[in-house]
Novice: 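One structure, pasted below without further comment.
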There are 2 protein chains.
Amino acid sequence: MRDRSIFAGLNTEELRSLGMEVQDIACHQGDVLYRKGDSARHAYTLRTGAVKLVKSLENGREVIIRLLHRGDLLGFEGMQDAQHRHAAIVLAPSQLCRLDLAELQRLSERLPKVQEAIRQRWQQALQSSEDHIMELGAKRAEARLATFLLQWAEHYPRLRSLPFPLSRPDLAAFLGLSTEHVSRIMADFKRHAFIQEQRGHLEILAPQSLAELAGKWPDHKPD
Amino acid sequence: MRDRSIFAGLNTEELRSLGMEVQDIACHQGDVLYRKGDSARHAYTLRTGAVKLVKSLENGREVIIRLLHRGDLLGFEGMQDAQHRHAAIVLAPSQLCRLDLAELQRLSERLPKVQEAIRQRWQQALQSSEDHIMELGAKRAEARLATFLLQWAEHYPRLRSLPFPLSRPDLAAFLGLSTEHVSRIMADFKRHAFIQEQRGHLEILAPQSLAELAGKWPDHKPD
DNA sequence: AAGGCGCATTGAGAAAAATCAATTTTGACT
DNA sequence: AGTCAAAATTGATTTTTCTCAATGCGCCTT
């Protein structure tokens, strides 16, 4: 575990030997890694668990911009901005590595490999953000939720029962819906036996049916 | 004009002298720079004009993922993916510089400055995508449109009458709304004398009022 | 100047989603 | 096991948005 590569193909030891300060951190549900506006001192790699990136609107409404899974990076916006752009909140028991941003900065100037790795992750983030925009802009609630559940499942391959630490408000904040609407649709999915839920775990019983919903639009033009 | 820096602080001549193939391109409304799935051979910098990045869903619905203005880069996803992720379509008469991706790749390995510049632009793209997610996820149609118009205006500082080459369907595809709904809201804005429109040009008469709409949520709780 | 075409607008009705207000379920703690 | 608080569900209603269909307008061509 300790010797697995955590960033840019380097493991903890190698990073440390390059002068990087790396700290293992264990977090649990609700922990705040940083808040929007905090001065950005650290970046993180998520080794296990799940984290949400949250932004809030002036009127208090919260939106989950991105959900992070094993292997994802966060806090790297600190490489440009002096402050974090969103809050990072831990959803499930997680293990992270904390990297000093200033040192990472220096390291990336010396090692093109690191620079390259960062750019690649950024690219992935952009990719996933663009997909999210598609979902929000073009699909209805039912389809968004179906897509989301299937995507969530992809992060836990060959696992019948998936860890599912998201509350209804979390789902709503990610999918741009009201809590109640999410709740209704989830209830529907259960009634149709597409999914099953219990104590923070989710089982997808009919991926096929969800996939159909996910791809379909308002009206059912079968041409 | 020709000697202005176009990328990573380098101007056309400097890039050429570094072995980069740079081509000036003039486009007009409707031109397709590349389509989704095209093998990615070039990246572009947009010198003047406007370009839309479009993705389409299986069911044919189109979404505008991002709108590009003077100074923006596009096509850089080709540095990771072999193919373009979306279509790039010119909205208004535009001038672009076309860069060879393979050479750019090589250049970026040699010059950290270039690598750094690319990462920075990526970061900006991510930033704007995340803002867009906020808009789509948390605001209603009226507010989205108001925000959008104000943002558009920011790209043309100290200009009373803004170039506005977007059709109603374009606006709808960007804001995740139906064409008709956009049309209604625009008509409303005109009736309230918030804006004025004519032949592809837009004038914002009451930025203050738009700003209020932009920040407000469904119900009007004045506390 | 007349005709026609594409785009924008408007209207009416239906569908989707939000809101408000209970009620039920769940899970934690004693 | 029993109580309590938080979270989820459900129901009723309103608001928002979409859809479908018709109409209007501007611009280009002839």
Side-chain angles (χ1 to χ4, degrees), chain A residues 28-30 57 59-63 91-93 135-146 148-149 164-192 195-202 213-214 216-221, chain B residues 28-30 57 59-63 91-92 135-146 148-149 164-192 195-202 213 216-221:
Chain A
H28 54 280
Q29 145 101 274
L57 225 51
N59 36 73
R61 190 178 165 97
E62 291 201 336
V63 176
L91 285 169
E135 292 293 314
L136 295 178
K139 286 187 185 171
R140 345 183 322 193
E142 210 181 35
R144 275 183 233 170
L145 192 42
F148 174 75
L149 295 177
F164 195 72
L166 298 165
S167 67
R168 294 294 184 264
D170 281 339
L171 282 171
F174 186 71
L175 299 173
L177 302 169
S178 70
T179 305
E180 294 92 333
H181 201 186
V182 168
S183 183
R184 274 184 248 273
I185 297 172
M186 288 292 278
D188 261 5
F189 284 177
K190 284 182 205 165
R191 268 190 284 278
H192 289 75
I195 64 171
Q196 192 176 321
E197 220 186 356
Q198 62 204 305
R199 339 175 104 260
H201 281 256
L202 177 80
L213 283 181
K216 213 172 264 176
W217 232 92
D219 51 77
H220 305 207
K221 279 177 198 158
Chain B
H28 53 279
Q29 143 102 275
L57 224 51
N59 37 72
R61 190 178 165 98
E62 291 200 336
V63 176
L91 286 170
E135 293 293 313
L136 295 178
K139 286 187 185 171
R140 342 188 322 200
E142 210 181 35
R144 275 183 233 170
L145 192 42
F148 174 75
L149 295 177
F164 195 72
L166 298 164
S167 67
R168 294 294 184 263
D170 281 338
L171 282 171
F174 187 70
L175 299 173
L177 302 169
S178 70
T179 305
E180 294 92 334
H181 201 186
V182 168
S183 183
R184 274 183 249 274
I185 297 172
M186 288 293 278
D188 262 4
F189 285 177
K190 284 183 206 166
R191 269 190 283 278
H192 288 75
I195 62 171
Q196 192 175 321
E197 220 186 355
Q198 62 205 304
R199 342 173 104 259
H201 281 255
L202 177 80
L213 283 181
K216 214 173 261 174
W217 232 86
D219 51 74
H220 305 209
K221 279 178 198 158

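Proteins get letters first, then strands, A, B, ... in listed order; numbering begins at 1 in each. We use all heavy atoms of the structure for the numbers below, so side chains are in, but hydrogens, waters and symmetry mates are not.
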Novice: What are the two closest heavy atoms between A:F174 and A:L136, and how far apart are they?
Specialist: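 Closest pair (atom of A:F174, atom of A:L136, distance): O-CD2, 4.1 Å.
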Novice: Between D:dG26 atom C1' and B:E197 atom CD, what is the distance in whole Å?
Specialist: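 From B:E197 CD to D:dG26 C1': 13 Å.
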Novice: Atom CD of A:Q29 and atom P of C:dG27: how far apart are they, to the nearest Å?
Specialist: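 These atoms are roughly 13 Å apart.
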Novice: What nucleotide, of D:dT16, C:dA16, C:dA8, holds the atom closest to the side chain of B:S167?
Specialist: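 Shortest atom-to-atom distance from the side chain points to C:dA8.
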Novice: Taking atom CG of B:L177 and atom CD of B:E142, what is their separation to the nearest 0.5 Å?
Specialist: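 Rounded to the nearest 0.5 Å, the CG-CD separation comes out at 11.5 Å.
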Novice: Mind calculating the distance between CE (A:M186) and P (D:dA7) to the nearest angstrom?
Specialist: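 Rounding to the nearest Å, CE of A:M186 and P of D:dA7 are 16 Å apart.
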Novice: Given atom CZ of B:F189 and atom P of C:dT9, what is their separation to the nearest angstrom?
Specialist: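 Between P of C:dT9 and CZ of B:F189: 13 Å.
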Novice: Distance check needed: C:dT25 P versus A:Q198 CD, whole Å only.
Specialist: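 Interatomic distance, CD of A:Q198 to P of C:dT25: 17 Å.
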Novice: Any idea which of C:dT19, C:dG27, D:dT17 is nearest the A:R199 side chain?
Specialist: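 Given the options C:dT19, C:dG27, D:dT17, the side chain of A:R199 is closest to C:dG27.
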Novice: Please tell me which of the listed nucleotides, C:dC20, D:dT17, C:dT9, lies nearest to the side chain of B:A141?
Specialist: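 The answer is D:dT17, which lies nearest to the side chain.
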Novice: Inspect the surroundings of NE2 in A:H192 and state if more than 12 heavy atoms from other residues, nucleotides or ligands are less than 6.0 Å away.
Specialist: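 12 or below, so no.
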Novice: To the nearest 0.5 Å, what is the distance between NE2 (A:H181) and CG (A:L175)?
Specialist: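 Rounded to the nearest 0.5 Å, the NE2-CG separation comes to 11.0 Å.
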Novice: Considering only D:dT9, D:dT17, D:dT10, which nucleotide approaches the side chain of B:L177 most closely?
Specialist: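 Of all the options, the side chain of B:L177 is nearest to D:dT17.
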Novice: Measure from CZ on B:R144 to P on D:dT17 and round the result to the nearest Å.
Specialist: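 Answer to the nearest Å: 7 Å.
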Novice: Starting at atom CD of A:E180, determine the distance to atom P of D:dA7, rounded to an integer number of angstrom.
Specialist: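 Computing the A:E180:CD to D:dA7:P distance gives 14 Å.
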Novice: Whole Å only: how far is the CZ atom of A:R168 from the P atom of D:dA6?
Specialist: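 These atoms are roughly 19 Å apart.
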Novice: Hey, is the side chain of A:R184 pairing donor to acceptor with the base of C:dT19 inside 3.5 Å?
Specialist: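 Checked by distance alone, the answer is yes.
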